[in-house]
Amino acid sequence: MDTIKVTIDNRQIEVPKGTTIYHAAKQLGIEIPVLCYMELEDMNIENKPGGCRICVVEVEGRHNLAPSCSTQCSDGMVVKTHTTRVLNARRTVLEFILSDHPKDCLTCAKSGHCELQDMAVKLGVRKIHNEEISEMSTYKIDYSPSIIRDLDKCIMCRRCETMCNDVQTVGTLSAINRGFESVVSPAFEMDLEKSTCTYCGQCVAVCPTGALTEVDHTTNVLRALADPNKTVVVQTAPAVRAALGEEFGLNAGTLVTGKMVSALRRLGFDKVFDTDFAADLTIMEEGTELLDRLTKHLNGDKEVKLPILTSCCPGWVNFFEMQFPDMIDIPSTARSPQQMFGAIAKTYYADKLNVKRDDLIVVSIMPCLAKKYEAQRDEFKVEDNPDVDFSLSTRELAHLIKEANMDLENMPDEDFDNPLGESTGAGVIFGATGGVIEAATRTAYELHTGKKLDKVDFEQLRGMDGIREAKVDFDGLELNIGIAHGLGNARKMLEDIRDGKSHFHAIEIMACPGGCIGGGGQPLHHGDSSILKKRIDALYREDSGKKIRKSHENPMIKELYENFLGAPMSEKAHKLLHTHYSDRRPKVKLKEE
């Protein structure tokens, strides 16, 4: 590897050719402030447009200042990172950005988590010169079922564009207009709801300001909790317990399951249940569907659709409905755990309580912003009453707990309520990439072979590579399994299926990097991919500590089938726990002549 020598702030370092000034300085422990720059190292994700110019440095022999995030080092280069010229330039640039930015920090959803706000503190900007004669660009606020876009707060860092186009390959966001009016938006400033947006929320996760935020349902939930005529139950997704603690200063990967349950009870929820229960239910339906298709395939049925694709992730469902509608008969028809839980809660559980469907409010705590949209889909409603009434993100739950002045770290550990709170280790690992297919494999193996599976840890299905494949031996039947996380990787797998190149029997796809643990509604990781790994490790720790680790051994799941559903894939199960997909490509209406 070719190396070069660079001097930064009178300190010399030898770096590989092609290294940027920013990274060279970082190796020396020299901090250069950045705003538009973003990096997720282990996922090969980097945004370095060099547009904000906050990271400028002085390079000896160069007339103008250089953006360190996008300027490569050259042999013998001498760099100064904190000269008077550099400091003045950074402050001036920041003042320009702030002059075209709203000053509603007190009520902004990103207040306290805003990188622009932090930068103003770091650079000591307390006054914007000539602010009284500056003009602000203004745009309408775009409200979608999951995401709010307030382009008045867009600083053109283009991180969202990188996530949407390069990582997720959705192609919704791009730079539009020129000069002072430049922002990142769908084409023609189209509303998100009319675009190809999947609501995966990865744009929200990386936005440094309040330009992109989630639709907040906390007020609706508080009103429901205060209504004496409503019974309000809550379900919590597996990924939430591995990340919630970060909002309270705990280390990434700290499991707060019992403390979270305790906090939810004190917020006033009548029952606190576990989405892991519904994850076990999903495995019963999805696993049975996999074995059914596989058996037909082995018996020579040429019409059967393989590979079967998992359908737990609504961001991924939105993606194939809009971008691959010719393939909507390939994914499993099983609903996501969120929606299975809602359907069971408003039928089986409502009957047990003798509560009318309309008087039972189901709230879900999810790591995902697409869940907000999913809960509103018409196929998940009965006479306009949704199976899941409100879906809150992990961040929204943290806000509620803080608002109630609770100290999460010192809350007592409490257990979920039954019957919809009993779960297995298989349900827990749904939150990690590869976890759904591993959970399905544990059950499908025993159902297919009739033999006990002693080793339930399928290590070959785990990892962080964007696309993975593994073989699992079903007692002589070799199953080829594919795994993808991130919609860009999903696209590659779907194109292989369409082109007849896929050799897989089953494929798990998750829209977000790392799976649900990296969801758009999780605590912001600010580009540190080690946080995602720690969250994943936490889920596998909880799985290994469970007494029951296979979905079909969950006693409450068994009871549900015996007393209510009958059997997996039965007529009643299909009505309540399965769905259908539609061609949802955006329709362009041409003006009539």
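In what follows, every heavy atom counts, from backbone to side chain, and hydrogens, waters and symmetry copies are set aside.
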Quiz item: Would K80 and V57 satisfy side-chain contact (heavy atoms from CB on, under 4.5 Å), going step by step from the backbone distance to the final call?
Solution: CA-CA 6 Å; K80 299 290 184 182; V57 295; over 6 Å; no
How many angstroms lie between [atom1] in [X] and [atom2] in [Y], if you round to the nearest 0.5 Å?
X: E396; Y: H217; atom1: CD; atom2: NE2; result: 7.5 Å
X: C73; Y: I8; atom1: SG; atom2: CD1; result: 5.5 Å
X: F319; Y: T196; atom1: CZ; atom2: OG1; result: 9.5 Å
X: W316; Y: T310; atom1: CH2; atom2: OG1; result: 7.5 Å

Does [X] reach the main-chain N or O of [Y] with its side chain, forming a donor-acceptor pair under 3.5 Å?
X: T254; Y: N251; value: yes
X: T433; Y: H485; value: no
X: T71; Y: P67; value: yes
X: N318; Y: C197; value: no
X: Q202; Y: M163; value: no
X: D543; Y: L539; value: no
X: K259; Y: D407; value: no
X: R91; Y: N88; value: no
X: N47; Y: C157; value: yes
X: K194; Y: L192; value: no

Distance-only check: which donor-acceptor pairs under 3.5 Å involve side-chain atoms of residues 11-25, not counting sequence neighbours?
| from | atom 1 | to | atom 2 | distance (Å) |
| --- | --- | --- | --- | --- |
| R11 | NH1 | L28 | O | 3.2 |
| R11 | NH2 | L28 | O | 2.9 |
| E14 | OE2 | T3 | OG1 | 2.6 |
| T19 | OG1 | P16 | O | 2.7 |
| T20 | OG1 | H23 | N | 3.2 |
| T20 | OG1 | H23 | ND1 | 3.0 |
| H23 | NE2 | Y37 | OH | 3.2 |
| H23 | NE2 | E39 | OE1 | 3.0 |

Pair [X], [Y]: side-chain N/O donor-acceptor within cut-off below 3.5 Å:
X: E161; Y: S174; result: no
X: S137; Y: D100; result: yes
X: N489; Y: R491; result: no
X: E374; Y: Q338; result: yes
X: D9; Y: T81; result: yes

Salt-bridge test for [X] and [Y]: reply yes if a basic N is under 4.0 Å from a carboxylate O, no otherwise.
X: R159; Y: E115; value: yes
X: K402; Y: E247; value: yes
X: R241; Y: E542; value: yes
X: E495; Y: K492; value: no
X: E214; Y: K372; value: no
X: D216; Y: R395; value: no

Going by heavy atoms in the side chains, are [X] and [Y] under 4.5 Å from each other?
X: Q522; Y: C368; result: no
X: R158; Y: C36; result: no
X: Y581; Y: P331; result: yes
X: I437; Y: I483; result: yes
X: V121; Y: D118; result: no
X: L87; Y: R90; result: yes
X: M119; Y: L94; result: yes
X: T275; Y: M366; result: yes

Quiz item: Listed by chain and number, what are the side-chain contact (heavy atoms from CB on, under 4.5 Å) partners of F96, not counting sequence neighbours?
Solution: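 If we apply the side-chain contact (heavy atoms from CB on, under 4.5 Å) test to F96, skipping adjacent residues, the hits are T92.
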Practice problem: Step by step, work out the salt bridge (Lys or Arg N to Asp or Glu O under 4.0 Å) result for R535 and E246. | Solution: CA-CA 10 Å; R535 293 174 185 171; E246 295 166 31; 2.8 Å; yes
Practice problem: Starting from the C-alpha separation in whole Å, work towards a yes-or-no answer on salt bridge (Lys or Arg N to Asp or Glu O under 4.0 Å) for E321 and R584. | Solution: CA-CA 5 Å; E321 283 187 321; R584 293 185 51 246; 3.4 Å; yes
Quiz item: Is the number of heavy atoms from other residues, nucleotides or ligands within 6.0 Å of CZ (R178) greater than 12?
Solution: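 Not buried by this count: 12 neighbours or fewer within 6.0 Å.
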Self-check item: Test log, rule side-chain hydrogen bond (donor to acceptor under 3.5 Å, both in side chains), inputs Q235 and S364
Solution: CA-CA 5 Å; Q235 57 166 319; S364 67; 4.6 Å; no
Quiz item: Restricting to pairs with a member in residues 182-193, which pass salt bridge (Lys or Arg N to Asp or Glu O under 4.0 Å), not counting sequence neighbours?
Solution: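 Output for this query lists K140-D191.
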Self-check item: Derivation of the side-chain contact (heavy atoms from CB on, under 4.5 Å) call for R462 and E438
Solution: CA-CA 8 Å; R462 302 178 184 181; E438 179 174 347; 2.8 Å; yes
Quiz item: Looking only at heavy atoms, what is the nearest atom pair of I536 and G514, with distance?
Solution: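 Between these two residues, the closest heavy atoms are CD1-O, 3.9 Å.
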Exercise. Return the minimal non-hydrogen interatomic distance between A490 and I509, and the atom names on each side.
Key: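 Scanning both residues, the minimum pair turns out to be CB-CG2, 3.6 Å.
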Practice problem: Could you walk me through whether I147 and T213 pass the side-chain contact (heavy atoms from CB on, under 4.5 Å) test, one step at a time? | Solution: CA-CA 6 Å; I147 297 169; T213 56; over 6 Å; no
